[in-house]
There are 2 protein chains.
Amino acid sequence: MTAKTLAIGNYNDTDAAALEHDLDAKRVSSLDEALALDDAAREAVTAIAYMGHAAFGGDAMDAFPNLGLIANFGVGYDAIDVDAASARDIALTNTPDVLNDDVADLAVAMLLMQGRRMRQGDELVRSGRWADGESFPLNRKMSGAKVGILGLGRIGHDIANRLAAFKMDLHYWSRSEKDTPGWTYHADPMDLARAVDVLVIALVGGPETENMVNAAMLDALGKDGVVINISRGTTVDEGALLDALEAGRIAGAGLDVFVGEPKVDPRFYKLDQVVLQPHQGSGTVETRAAMGQLQRDNVAAFHEGKPLLTRVN
Amino acid sequence: MTAKTLAIGNYNDTDAAALEHDLDAKRVSSLDEALALDDAAREAVTAIAYMGHAAFGGDAMDAFPNLGLIANFGVGYDAIDVDAASARDIALTNTPDVLNDDVADLAVAMLLMQGRRMRQGDELVRSGRWADGESFPLNRKMSGAKVGILGLGRIGHDIANRLAAFKMDLHYWSRSEKDTPGWTYHADPMDLARAVDVLVIALVGGPETENMVNAAMLDALGKDGVVINISRGTTVDEGALLDALEAGRIAGAGLDVFVGEPKVDPRFYKLDQVVLQPHQGSGTVETRAAMGQLQRDNVAAFHEGKPLLTRVN
């Protein structure tokens with residue numbers, strides 16, 4: 001069988017069935033497995049539905065000489081070499097917007113859970129220690145906090161909209177000043193870090209933002225500062241973050257993303273003041289279904305010669 | 001020493017110092033200890049600064065023949081017999097409003113933490129199981145959920161305002177319909193439970209609301225339903241709640257309050273789908289300081305013959 005659509009990645013049963021049924025897709029679990037297909041199979045492929053974080057560069061694209069589309073599952077496509085795709089006239093699509101709500105929900109939830117020490121509160125009750133008379137220390141008020149959004153794209157904006165309902169004093173950095181309702185713009189990310197107590201990272205991934213949150217920015221955030229990251233692990237100098245947390249130079253963190261995930265640096269495991277999440281930002285049944293549908297809609301549009309829904313190059 | 005102000009309860013160091021310095025208060029740790037004071041000490045007392053959940057009834061009030069004020073630390077004063085106080089011309093004050101933000105923050109945080117299974121997510125990462133390849137199941141989208149607020153007082157309103165920023169479909173029950181922006185009023189609490197997936201209990205405590213959330217209401221909420229309670233443990237038939245949770249007749253809960261707390265029913269400890277918190281609704285440094293100040297301001301106003309700031313009877 002020589003399918004024109006190749007689905008790469010670990011799709012759930014619903015998406016796998018839809019890829020096969022709606023698009024007659026051939027499925028493989030990894031890019032390596034795709035590259036090991038025989039010549040006829042690779043030559044037949046005109047569209048790839050991609051799910052994964054393995055680097056997808058020009059050499060891999062060249063293994064599919066008739067490839068015209070890579071439809072990425074997810075809003076972040078930093079695993080895919082966009083310039084290499086463009087140079088080969090390969091269109092790239094992603095799945096934006098449909099996941100914004102979930103990611104923003106998780107960012108706010110990590111912020112509150114970290115500040116109110118809710119993992120520790122649950123453990124105090126669940127262990128029976130509260131019943132035995134142990135008291136819970138007072139925490140930090142979160143409503144009204146000074147929060148900085150690093151990267152005011154669509155997700156950053158959705159996070160800020162939620163935090164506004166908690167009466168937070170909102171600051172942001174973005175490449176350009178936005179038309180925002182009373183939020184304070186900082187042209188320099190360091191100024192943002194100095195101005196706030198909670199720094200929420202909502203940057204895009206990729207080389208331009210790599211290690212943007214570094215030791216100096218963490219020092220600017222200060223000892224009462226908390227870092228929330230729902231973007232990409234690469235946006236933070238993770239060694240500097242671990243050093244700052246271990247030394248108490250910042251107060252805590254809420255992290256859904258890590259460098260080299262899921263191989264998390266074990267130094268994180270011992271940090272009581274950090275909320276750790278397994279990259280579940282978009283991890284709801286409803287949103288993953290919407291992402292899968294949007295990915296397939298892009299592939300279908302490509303095969304039918306219609307405009308792509310969410311092209312990025 | 002015969003102080004006219006008696007402070008009852010376990011105050012933190014800051015509040016204890018302020019009670020002694022600002023009000024020349026005598027301090028005891030419990031109502032029992034207060035009742036054991038000698039006649040002269042009890043007769044000197046005209047104002048009691050009360051902190052605690054031990055029942056404060058008419059007999060205890062009669063032990064202080066010159067008592068004119070009970071200034072409660074906390075917004076909920078269900079431990080104090082209001083009718084008995086009124087019958088004795090004893091004024092009662094509480095500390096409303098200053099804690100609304102914290103309680104509302106915790107309600108929203110429990111809702112998100114329960115729905116996105118964030119305790120379990122943290123545990124998956126922290127244990128190293130995620131690094132070892134174990135995946136995290138998809139959860140439930142929270143933004144856009146149908147939420148019912150049971151009791152739309154000031155705290156209920158503050159919770160609803162926050163949830164509106166999560167694009168939730170808001171429903172409520174209250175004794176009377178309020179002027180609300182597009183929220184759906186239900187005159188019958190059972191209709192509210194039927195209409196929503198998440199039921200947030202923001203009732204006042206006391207006999208009128210005891211066991212208001214009973215087995216029938218939990219059944220009306222249904223198997224996808226989640227109960228969030230930041231009010232008083234007494235508002236829920238806890239046995240019925242445990243039965244429903246254990247049998248999967250509702251999906252989960254987030255509970256900051258319990259019947260007989262801190263002696264939590266150990267059946268709760270085993271429930272994975274429940275977020276348990278040690279009654280920390282108002283438990284932040286900032287808010288407890290504001291509550292202590294408001295309590296002392298009421299006592300000072302009483303002694304100076306000025307209008308009480310937050311009288312409830």
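The shown structure was predicted, so the numbers you read here are calculated from the model rather than taken from an experiment. All chains are named by letter (A, B, ...) in the order of the sequence lines, taking the proteins before the strands, and each is independently numbered beginning at 1.
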Looking only at the side chains, is there a donor atom on one of [X] and [Y] sitting less than 3.5 Å from an acceptor on the other?
{"X": "B:Gln277", "Y": "B:Gln280", "value": "yes"}
{"X": "B:Arg232", "Y": "B:Thr234", "value": "no"}
{"X": "A:Ser231", "Y": "A:Asn229", "value": "yes"}

Exercise for review: Please work out which of the three classes, parallel, tilted or perpendicular, describes the rings of B:His157 and B:Trp183, given edges at 30° and 60°.
Suggested key: tilted
Let me confirm one number: the [atom1]-[atom2] distance from [X] to [Y], rounded to the nearest 0.5 Å.
{"X": "B:Tyr172", "Y": "B:Ile159", "atom1": "OH", "atom2": "CD1", "value": "15.0 Å"}
{"X": "A:Asn94", "Y": "A:Tyr50", "atom1": "CG", "atom2": "OH", "value": "14.5 Å"}
{"X": "A:Gln293", "Y": "A:Thr14", "atom1": "CD", "atom2": "OG1", "value": "11.5 Å"}

Quick one: do [X] and [Y] make a salt bridge, cutoff under 4.0 Å?
{"X": "B:Asp122", "Y": "A:Arg119", "value": "yes"}
{"X": "B:Arg140", "Y": "B:Asp224", "value": "no"}
{"X": "A:Glu286", "Y": "B:Lys141", "value": "no"}

What residue in [options] has the most heavy-atom pairs under 4.5 Å with chain B?
{"options": "A:Lys167, A:His279, A:Met142", "result": "A:Lys167"}
{"options": "A:Arg116, A:Lys263, A:Met110", "result": "A:Arg116"}
{"options": "A:Asn12, A:Asn139, A:Val275", "result": "A:Asn139"}
{"options": "A:Gly121, A:Ser135, A:Gly133, A:Pro137", "result": "A:Gly121"}

Practice item. Would you mind reporting whether B:Ile250 and B:Val226 have side-chain heavy atoms less than 4.5 Å apart? Key: no
Check your understanding: Can you check whether B:Val108 reaches B:Phe166 side chain to side chain, under 4.5 Å on heavy atoms?
Key -> yes
**Study point:** Residue-level interface, residues 98-107 of chain A with chain B, non-hydrogen cut-off under 4.5 Å
**Key:** A:Asp101, A:Asp102, A:Asp105, A:Leu106
Check your understanding: Side chain, backbone, both or neither: which part of A:Arg288 has a non-hydrogen atom closer than 4.5 Å to chain B?
Key -> side chain
Review point. So which residues of residues 264-273 of chain B are in contact with chain A at a heavy-atom cut-off of under 4.5 Å?
Key: B:Val264, B:Phe268, B:Tyr269, B:Lys270, B:Leu271, B:Asp272
Check your understanding: Given a strict heavy-atom distance threshold of 4.5 Å, which part of B:Ser282 is in contact with chain A: side chain, backbone, both, or neither?
Key -> backbone
Check your understanding: Checking heavy atoms, do the side chain of B:Asp158, its backbone, both or neither come under 4.5 Å from chain A?
Key -> side chain
Review point. Does the A:Lys146 side chain pair with the main chain of A:Leu170, one donor and one acceptor, at a distance under 3.5 Å?
Key: no
